Amino acid sequence: MKILMLHDCAGVAFELRQRLIKRGHECDLFFLGPKDPYIDYGACRYKAGSIRTALFTFRKIVGDYDLIHTYNSRFPRHRYPYDYLLMKALGKNVVVHFHGSDLRLFSETPVVRRLMKNKVCIVSTPDLLWWCPNATWLPNPVDSTMFRPMPQDPHKEIRILHSSTMPEIKGTKYLIESVYELSKNGYDIEL
């Protein structure tokens, strides 16, 4: 199978691509954005102005791919997902991948409502099924070799690391409230 993956979110498509190739599929990934501080996309990264990016994307869409994997996170605020509409007009098999805030914050917008009607939708966490019940939960693949072991000093408390890029929309306040409640109930938690 020949697969086109447009964009990435948190390195998920990058990892999915590697796993699909290991299974014998031909898979092209194009990361359409600025330099990622965590992942070296190499030849998979495409950086250009908006018109050039759109033309590049349209040329790829009309290519000879059996399946196109795209992220909702690319256009939840846009009025029209032009590339998605082109994919559907050409009769392409499309998978729409939702990752979190794109669905939680924009599920009522016309664009996201349209994307949620796609025949095949994937969500990255099971709670997203509440917003998109026709989706399939695909747990995020993680390359554990990307993380270096940290010293594990003996400790009795529960340790939680919450590293959020956008605490105001990523649920940070709920985590803080939960830790506070658990601490009041006798749990020794370090956040």
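This is a predicted model, so every value here is computed, not measured.
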Among Leu16, Val12, Leu138, Leu128, side-chain contact (heavy atoms from CB on, under 4.5 Å) partner for Ile122: Leu138
Asp28-Tyr65 side chain donor-acceptor pair, cut-off 3.5 Å: yes
Side-chain heavy atoms of Ile160 within contact of Val179, under 4.5 Å: yes
Flag side-chain contact, heavy atom, 4.5 Å: His99 against Asn140: yes
Aromatic ring pairing Phe31/His7, orientation class (parallel under 30°, perpendicular over 60°, tilted between): parallel
Met5 vs Cys27 side-chain heavy atoms within contact, under 4.5 Å: yes
Pairwise side-chain contact, Val62 with Leu90, heavy-atom cut-off 4.5 Å (strictly under): yes
Pairs where residues 59-72 contributes a residue and the test salt bridge (Lys or Arg N to Asp or Glu O under 4.0 Å) is met, not counting sequence neighbours: none
Main-chain N/O of Ile61 paired with Lys92 side-chain donor or acceptor, under 3.5 Å: yes
Residues which pass salt bridge (Lys or Arg N to Asp or Glu O under 4.0 Å) with Arg114, listed by chain and number, not counting sequence neighbours: none
Within the 6.0 Å centroid threshold, strictly below: Tyr82 and Phe58: no
Leu103 side chain near Met116 side chain, heavy-atom distance below 4.5 Å: yes
Candidate pair Arg113 and Glu108, rule side chain to side chain contact (heavy atoms under 4.5 Å, CB included), full reasoning: CA-CA 6 Å; Arg113 282 199 316 252; Glu108 294 301 317; 4.0 Å; yes
Donor on one side chain, acceptor on other, Asp102 and Tyr71, under 3.5 Å: no
Qualifying residue for side-chain contact (heavy atoms from CB on, under 4.5 Å) with Val96, from Val123, Val120, Leu115: Leu115
Glu15 bridged to Arg17 by N-O distance under 4.0 Å: no
Qualifying residues under side-chain contact (heavy atoms from CB on, under 4.5 Å), relative to Asp127, sequence neighbours excluded: Arg104, Thr125, Trp131
Residue pair Val94 / Thr70, side-chain heavy-atom distance below 4.5 Å: yes
